[in-house]
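Notes follow once the structure below has been shown.
Residue numbers start from 1 in every chain, and the chains themselves are labelled A, B, ... in the order their sequence lines are given, proteins ahead of strands.
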Amino acid sequence: MLGKILVRKFSTKTIKYKITETEAYCGEEDLACHASKGKTSRTKVMYKTGGVIYVYLVYGMHWMLNIVAANKDQPEAVLIRGLEKSDGPGKVGKELKIDKSFYGEDLTKSRRLWVEEPVVKEKFKIKKAKRIGVDYAGKWSNKPWRFILSKP
DNA sequence: TCACGGATTCGT
DNA sequence: CGAATCCGTGAT
């Protein structure tokens, strides 16, 4: 996902931003992953085949944009933490005007949100780091599953 | 129906 | 570093 272009189409304009920071959430075992609570009405979309959107509200105010990443019945998702113009996942949701209506939307069919290959492919390095805000997840909080786009 | 708490942000 | 913020979730 890193380095790809996220496209958001509105009725009046279309915006495109490069994805600069992501985090991975991997399966029911991963205590930081919402799917660790099992398949519920909230997490069920993560059990779908990759390519659909998982959105949810945190702290009663921020919409988090995630892309389901793995195979059917394998609940894994990638959180879009940062775009070239927005640092922080809450700001990403705000910038792209993400809300509950995107829940389960198929990125390959959507006419308002999808991912493209960058026009000009630039070389970059991927920095790894611990995930943010998941200290409650015990050893899982130390997994280097946060990925940051950086200069080569 | 309701109590609980969080994949954050912003200000100090 | 700490408080704000408050809806949705998951269980009852």
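Side-chain to base pairing of A:H62 with B:dA7: no donor and acceptor N or O lie closer than 3.5 Å to each other.
Side-chain atoms of A:S41 lie closest to C:dG10 of the nucleotides B:dT9, B:dG6, C:dG10. With distances taken from any side-chain atom of A:Y54 to the nucleotides B:dA7, C:dG8, C:dT5, the minimum falls on B:dA7. Listed candidates were B:dG6, C:dT5, B:dC10. Nearest to the side chain of A:V58 is B:dG6. Candidate nucleotides C:dG8, C:dT9, B:dC10 were compared by shortest atom distance to the side chain of A:R42, and C:dT9 ranks first.
Considering only heavy atoms from C-beta on, A:V52 stays 4.5 Å or farther from A:L107 through its side chain.
No salt bridge links A:E95 with A:K85; every basic N to acidic carboxylate O contact stays at or beyond 4.0 Å. Salt bridge status for A:E117 with A:K4: present, with a side-chain N to carboxylate O gap under 4.0 Å. Looking at A:E105 and A:R112, a side-chain N of the basic residue comes within less than 4.0 Å of a carboxylate O on the acidic one, giving a salt bridge.
The aromatic ring of A:Y56 does not sit over the base of C:dG8, since the test of centres under 5.5 Å and planes under 30° is not met.
Distance A:L31 CG to B:dG6 P: 13 Å, rounded to the nearest Å. For the pair A:Y59 OH and B:dC4 P, the computed distance is 18 Å after rounding to whole Å. For the pair A:R146 CZ and B:dT8 P, the computed distance is 10 Å after rounding to whole Å. Whole-Å rounding puts the A:K94 NZ to B:dT8 P distance at 16 Å. Rounded to an integer number of Å, the gap from NZ of A:K39 to C1' of C:dT9 is 18 Å. For A:M64 and B:dT9, the CE to C1' distance is 10 Å, given to the nearest whole Å. Atom NE2 in A:H34 sits roughly 11 Å away from atom C1' in C:dG8 (whole-Å rounding). Between the CH2 atom of A:W145 and the P atom of B:dA7 there is a distance of 16 Å, given to the nearest Å.
An OP1 or OP2 oxygen of B:dC10 is reached within less than 4.0 angstrom by a side-chain nitrogen or oxygen of A:K91.
For the atom pair A:M46 CE and A:N66 CG, the distance stands at 7.0 Å (nearest 0.5 Å).
Listed by residue number, the members of residues 126-142 of chain A with any heavy atom below 4.0 angstrom from DNA chain C form an empty set. Non-hydrogen atoms lying under 4.0 Å from DNA chain C are contributed by nothing in residues 68-81 of chain A.
The ring pair (Phe, Tyr, Trp, His ring centres under 6.0 Å) test applied to A:Y17 returns no partner, not counting sequence neighbours. Checked against side chain to side chain contact (heavy atoms under 4.5 Å, CB included), A:S41 has no partners two or more places apart in sequence or in another chain.
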Determine, stepwise, if the pair A:E76 / A:Y47 fulfils side chain to side chain donor-acceptor pair (under 3.5 Å). CA-CA 8 Å; A:E76 303 186 7; A:Y47 290 76; over 6 Å; no

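Within a 6.0 Å radius of CG in A:D87, no more than 12 heavy atoms belonging to other residues, nucleotides or ligands are found.
By the 4.5 Å side-chain criterion applied to Ile, Leu, Val, Met, Phe, Trp and Tyr, A:W114 is assigned to a cluster that also includes A:I5, A:V7.
Taking the six-membered ring for Trp and the full ring otherwise, A:Y25 and A:H34 have centroids separated by 6.0 Å or more.
A donor-acceptor pair is defined here as one N or O able to donate and one able to accept, closer than 3.5 Å; such a pair exists between the side chain of A:T43 and the backbone of A:T40.
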Taking only Watson-Crick and G-U wobble pairs with both distances under 3.5 Å, what dot-bracket line describes DNA chain C, where [ ] shows pairs that cross earlier ones and | shows pairs with another strand? ||||.||||||.

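Counting non-hydrogen atoms under 4.0 angstrom, A:K100 reaches the backbone sugars and phosphates but no base.
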